Amino acid sequence: MESLIGKEVFIKREVLPDLEEGEYYWMDLLGMSVETQEGKKIGRVKEIFSTGANDVYVVEGKRGEIFLRPQRKSSRVLIAKGES
């Protein structure tokens, strides 16, 4: 296993376990539209990274501006909508 440290590992999607309702794989969120609860479009999920405490969504706005949005279970400000 030590030979894999720092390496990218690729696996087939069909071997990934099924997720519970409300859980998503990062690959499914990338490129999705992000909106406020009121429906105002903010941008698209460009990247996701983990800080250990929570995941942070990097959202790119219409004019190329970048927003960093910590995503917590209690967070309801941004919602990734089904457009990809």
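Residue numbers start at 1 and run along the sequence shown. What you see is a predicted model; the values in this text were computed from it and never measured.
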*Asks:* For Glu21, is there any backbone N or O sitting under 3.5 Å from a side-chain donor or acceptor partner on Glu23?
*Replies:* no
*Asks:* For the hydrophobic clusters of this structure (ILVMFWY residues joined by side-chain heavy atoms under 4.5 Å, transitively), does one cluster hold both Val15 and Met27?
*Replies:* yes
*Asks:* Please examine the side chains of Tyr25 and Leu16, heavy atoms only from C-beta on, and report whether any two atoms are closer than 4.5 Å.
*Replies:* yes
*Asks:* Membership question, hydrophobic clusters at under 4.5 Å side-chain separation (ILVMFWY): are Ile48 and Val58 in the same one?
*Replies:*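 Result: no, two separate clusters.
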*Asks:* Under the salt bridge (Lys or Arg N to Asp or Glu O under 4.0 Å) rule, what do Lys40 and Glu38 come out as? Steps first, then yes or no, please.
*Replies:* CA-CA 6 Å; Lys40 179 182 176 189; Glu38 294 77 31; over 6 Å; no
*Asks:* What I'd like to find out is whether the side chain of Asp55 reaches to under 4.5 Å of the side chain of Trp26, using heavy atoms alone.
*Replies:* yes
*Asks:* With sequence neighbours excluded, tell me which residues meet side-chain contact (heavy atoms from CB on, under 4.5 Å) with Tyr24.
*Replies:*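 Tyr24 satisfies side-chain contact (heavy atoms from CB on, under 4.5 Å) with Leu29 only.
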*Asks:* So if you build clusters from Ile, Leu, Val, Met, Phe, Trp, Tyr with side-chain heavy-atom gaps below 4.5 Å, do Ile66 and Ile42 land together?
*Replies:*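 No: no chain of side-chain contacts under 4.5 Å links Ile66 to Ile42.
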*Asks:* Minimum heavy-atom separation for Asn54 to Pro70, with atom names?
*Replies:*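 Between these two residues, the closest heavy atoms are ND2-CB, 3.4 Å.
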*Asks:* Would you say the side chain of Phe49 lies within less than 4.5 Å of the side chain of Thr51, judging by non-hydrogen atoms?
*Replies:*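 Thr51 reaches Phe49 side chain to side chain.
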*Asks:* Shortest non-hydrogen contact from Lys46 to Leu30?
*Replies:* O-CD2, 3.8 Å
*Asks:* Where the side chain of Arg69 meets the backbone of Tyr57, is there a donor-acceptor pair that is under 3.5 Å apart?
*Replies:*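 It does not hold such a pair.
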